[in-house]
Visitor: 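Take a look at the following structure, please.
Chain naming here is simple, since letters A, B, ... match the order of the sequence lines and numbering starts at 1 in each.
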Amino acid sequence: MTSVLSGGVRDSINDALLEAVRKLGVDGEVPDLELGRAKVAEHGDYATSAGLKLARVMRQDPKVIAARLAETIEVAEGAATAEASGGYVNFRLADDWLRRLVGRVRPGYGARDIGHGERLQVEFGSVNPTGPLHIGHGRGVTLGDSICRLLEFTGHAVQREYYVNSDNTQTRRFGASVFARLHGFEPPEGGYTGDYVVELAEMARHDLPGIADLPEDEAEPKLRMYAINKMVERIRATVARVNVRYDEWYYENRLWESGLPQEAIKRLRASGHLKERDGALWFGDASDEEEDRVVIRANGQPTYFASDLGYLLSRFEQRDYNRVVEVWAADHHGYVPRMKSAAEALGFDARLVIILHQMVNLKEGKMSKRAGRFVTLDDLVDRVGSDAVRYFYLLRSPDTTIEFDLELAVTQGSENPVYYAQYAHARLSNVEVAAGAQHPKLPEAANVGLLVHPWELDVARQLAFWPDVVEDATALLEPHRIPYYVHDLATAVHRFYHAGNAQSEHRVVVQDPELTRARLELSRAARHTLKTALDLMGVSAPERM
RNA sequence: GCCCCGCUAGCUCAGUGGAUAGAGCAUCUGUCUUCUAAACAGAGGGUCGGGGGUUCGAAUCCCUCGCGGGGCACCA
C-alpha cells in the first residue's frame with residue numbers, strides 16, 4: 001500500500017476505486033472513470049461518475065453499480081469515505097485523516113518524484129539579444145521559469161537555457177545599426193532605431209579602440225558581438241529582478257564552431273531529407289514543395305533553421321538530454337511543424353516538447369523592438385514590483401492573449417491578488433511569533449485531535465488538495481493552476497484566522513497551551529504550503545506586511 | 001485563402017465529457033478596544049459568441065458561421 005503522502009489523496013482514492021472495480025468482476029479495459037473534485041459541497045470532496053461510465057461494460061443499472069462500488073471501496077489510511085448518489089460515487093475526506101495530515105505537513109510538502117531524475121532542458125526566453133526585454137518577453141521568462149520550478153519540484157533534473165542568437169539576420173542588422181550610429185548615420189532599412197543603440201555605439205567607441213576606423217565588413221562582426229554581450233548582460237540583470245535564473249546562455253556561434261549544424265546537414269542529406277533547388281539547400285520531403293524550408297541560402301549563408309538543426313544535436317546527443325521543452329511565443333507557431341519534422345528526421349521526435357503562449361499586446365498600440373516602441377520589463381518591475389508582476393503573468397493560462405494597459409497595471413498594483421496570498425502567509429507568521437511570546441514553552445507534540453471547527457478542517461482540506469495541483473500543473477506544464485490554488489488556500493487561512501477575530505476563544509493563541517499547540521500545528525502546515533506554492537511562482541512569502 | 005489561440009457576470013479571467021458554471025475587481029449591506037481590517041460575512045449580476053451534431057449527459061468533443069489576436073520569408 002503506497003503512502004498517501006507519496007502521491008495525493010486523489011491518487012489513493014483512484015487506486016481504491018480501480019481495485020473495487022476489479023472486485024466487481026470487471027476485467028480488461030476500464031474506461032476512464034474521471035475522478036475529480038466534487039463541485040457541490042453535498043457531493044463531498046471528490047466524485048466519479050463511475051456508475052454511468054461502467055453501465056455499458058457491465059450491462060447493469062448505473063445506480064446499482066455505484067452502490068456496489070461505494071460498499072466495496074476502501075481508501076488507504078481511511079482517508080475518505082465513499083457514498084453512492086445515483087450513478088455517482090462521492091468521496092468525503094475523513095476529518096480524522098485530515099487532522100493527521102496536518103501533523104505530517106513539512107516544508108516542501110507536495111514535492112513528488114514524478115520525473116525520477118529525468119534529465120531535461122527547458123529553453124525559454126531566448127529573445128534575439130538586440131534590445132531590452134519588454135513586457136511580452138516577461139511572460140515567456142516567468143512562464144518558463146515556473147515550469148522549471150515545477151519540474152524541479154517533481155523530481156526532474158532540469159537545465160535552464162537561454163539560446164543566444166548571434167549569427168542570424170536580425171543580429172546582423174543589429175550590428176549594422178550600431179555601426180551606423182557609430183558614424184552618425186541613421187540605421188539602415190529594417191535596422192534598430194531605439195536610443196539604446198546610440199548608447200551602445202558610444203560605449204563601443206570607448207571600449208573598442210580603433211573600431212571607428214575599420215570598414216563595415218570588419219567592424220560589424222566586432223560591434224555585433226560587443227553589443228550582443230552588452231544586451232545579454234542587461235537581459236540577465238532584468239530577469240534576475242523577477243527571480244528568473246538560467247544555467248546556461250548558449251551562443252549560436254558555439255554551434256558552428258563545434259560543427260554541429262554541419263553534422264546535422266550531413267546526416268539529413270544522407271537520409272534524403274535535404275535537396276537542392278534554385279541554388280539553395282532545402283529541408284522537407286518531396287510530397288509538398290510548399291512545406292520545404294531553406295537551410296542554406298543561395299548566397300551560401302545558412303538560415304537560423306540550419307543552426308537549429310545543430311542545436312537539436314547539441315541537446316539530444318552531445319549534452320544527452322532526454323527531453324527538451326521549448327517555451328515560445330505564439331508568433332513562432334508556424335515554426336512548430338518545421339522543428340517537429342526536423343526532430344523526427346533526426347530521430348528525436350517524441351522528445352521535443354513545444355509550449356506556446358499567446359502574445360502580450362500593448363493597449364496603446366503594437367510594440368516594436370526595432371522601432372524602439374515598447375514598455376520594458378524593467379519599467380514594469382520598477383512600477384509594480386516583482387511579486388505583482390510574476391503573479392500577474394502566471395495567473396493567466398498561456399492560451400490567453402494579454403491586453404496590457406500600463407496605467408491600469410500601475411493603479412491596480414496595490415490590489416494585485418498576490419497580496420491576498422502574501423498577507424495570509426504574513427498573518428500566520430505573526431501568529432507563530434505571538435504564540436512564542438505568550439507561551440514560552442509549548443508541548444513538543446501537537447494533539448491534532450483538538451482541531452474540530454469547520455474553518456480549521458477546511459484549511460486541512462485545502463492542504464489535502466495541494467498534491468493534486470502539483471501533479472496536474474506538472475503533467476500539463478501549466479503553472480497558472482498554482483495561483484488559483486494559492487488563492488483558495490489563502491481564503492481558508494483568512495477564514496481560519498478571522499474566526500479568532502469574531503470570538504477570541506477561536507484564536508490560534510489562547511490560554512490553553514494544548515489547544516494553542518494544535519492550532520499552531522495547523523498554522524505551520526498552511527504557512528509551509530503557502531510558502532512552497534509561492535516559491536513555485538517565484539513570488540516571495542513575507543513574514544510581515 | 002490556409003494554420004494556431006481566444007470569445008464564460010459590467011471589467012479581467014478560472015473551469016481534466018458529469019450533478020445546481022466559479023473567482024478577483026467594480027457595485028451595494030454589515031464586521032476592528034482583539035493573534036495584522038492588504039481581512040471577514042452577505043447581496044445583486046450568466047441565452048458559457050450564433051447555429052447544427054455526437055452522447056444517458058456538452059462551457060468542455062465534432063462541423064459550420066461571426067468577431068478579435070497571432071502566423072503563413074532564402075526574418076526569428
Side-chain angles (χ1 to χ4, degrees), chain A residues 32 34-40 42-43 47-49 52-53 55-56 62 85-88 90 126-128 130 165 168-173 190 278-282 290 293-305 307-308 328-337 356-359 361 392 395-403 405 408 412 414-424 426-435 437-438 468 472 475-476 480-481 483-484 487-488 490-491 493-495 497-504 506-510 516 519 523 544-545:
Chain A
D32 184 1
E34 289 170 18
L35 176 70
R37 286 277 295 282
K39 294 203 175 92
V40 190
E42 305 151 31
H43 299 154
T48 171
S49 51
L52 294 157
K53 292 279 188 236
R56 191 161 302 155
S85 164
Y88 300 90
N90 297 325
S126 298
V127 180
N128 267 328
T130 55
N165 285 300
N168 59 21
T169 307
Q170 290 303 333
T171 51
R172 284 196 175 87
R173 281 180 186 163
D278 306 330
L281 186 66
W282 300 72
E290 284 289 301
R293 298 299 155 196
V294 170
V295 179
I296 308 284
R297 298 182 178 93
N299 66 9
Q301 236 180 34
T303 64
Y304 63 91
F305 188 42
S307 295
D308 280 343
W328 293 348
D331 57 350
H332 285 61
H333 103 265
Y335 192 43
V336 173
L356 289 179
H357 65 83
Q358 294 301 310
M359 310 297 285
N361 295 323
F392 170 79
L395 198 54
R396 282 167 179 77
S397 145
D399 289 338
T400 305
T401 306
I402 297 179
E403 284 297 323
D405 181 336
L408 203 63
Q412 289 188 346
S414 61
E415 57 203 33
N416 188 296
V418 72
Y419 301 116
Y420 183 79
Q422 291 183 319
Y423 188 52
R427 273 183 149 177
L428 295 179
S429 303
N430 195 56
V431 157
E432 290 174 35
V433 173
Q438 191 171 329
D468 300 349
D472 293 345
L476 301 168
H480 73 274
R481 292 165 183 275
Y484 282 95
H487 179 268
D488 289 344
T491 296
V493 165
H494 284 307
R495 206 169 281 166
Y497 184 92
H498 212 273
N501 278 0
Q503 286 178 272
S504 57
H506 293 146
R507 289 192 195 183
V508 175
V509 185
V510 287
T516 301
R519 289 177 180 166
S523 293
R544 50 181 63 246
M545 287 173 74

Visitor: Taking OP1 and OP2 of A37(B), is either one under 4.0 Å from a side-chain nitrogen or oxygen of N501(A)?
Guide: yes
Visitor: Might you list the N or O atoms of the protein lying below 3.5 Å from N or O atoms in nucleotides 53-61 of chain B, with each pair's distance?
Guide:
{"residue": "C56(B)", "atom": "OP1", "partner": "R56(A)", "partner atom": "NH2", "Å": "3.4"}

Visitor: Could you give the distance separating C4(B) and U64(B) at their P atoms, to the nearest angstrom?
Guide: 11 Å
Visitor: What does the list of N/O pairs under 3.5 Å between the protein and nucleotides 10-14 of chain B look like, with a distance for each?
Guide:
{"residue": "U12(B)", "atom": "O2'", "partner": "R396(A)", "partner atom": "NH2", "Å": "2.7"}
{"residue": "C13(B)", "atom": "OP1", "partner": "T401(A)", "partner atom": "O", "Å": "3.4"}
{"residue": "C13(B)", "atom": "O2'", "partner": "Y484(A)", "partner atom": "OH", "Å": "2.6"}
{"residue": "A14(B)", "atom": "OP1", "partner": "S397(A)", "partner atom": "N", "Å": "2.7"}
{"residue": "A14(B)", "atom": "OP1", "partner": "T400(A)", "partner atom": "OG1", "Å": "2.7"}
{"residue": "A14(B)", "atom": "OP2", "partner": "T400(A)", "partner atom": "OG1", "Å": "3.4"}
{"residue": "A14(B)", "atom": "O4'", "partner": "Y484(A)", "partner atom": "OH", "Å": "3.3"}

Visitor: I want to check one thing: is the phosphate of C35(B), taken as OP1 and OP2, less than 4.0 Å away from some side-chain N or O of R507(A)?
Guide: yes
Visitor: Is there a side-chain polar atom (N or O) of R427(A) under 4.0 Å from OP1 or OP2 of A38(B)?
Guide: no
Visitor: What I'd like to find out is whether the side chain of M359(A) reaches to under 4.5 Å of the side chain of E403(A), using heavy atoms alone.
Guide: no
Visitor: Compare all side-chain heavy atoms of V493(A) with those of R427(A) and state whether any distance is below 4.5 angstrom.
Guide: no
Visitor: Counting Watson-Crick and G-U wobble pairs with both distances under 3.5 Å, what is the dot-bracket string for RNA chain B, 5' to 3', using [ ] for crossing pairs and | for pairs to another strand?
Guide: (((((((..((((....[...)))).(((((.......))))).....(((((..]....))))))))))))....
Visitor: Rounded to the nearest angstrom, tell me the gap between atom CD in Q358(A) and atom P in C5(B).
Guide: 8 Å
Visitor: Between R495(A) (CZ) and U31(B) (P), how many Å, whole number?
Guide: 20 Å
Visitor: For Y419(A) and A38(B), is the shortest distance between a side-chain N/O and OP1 or OP2 below 4.0 Å?
Guide: no
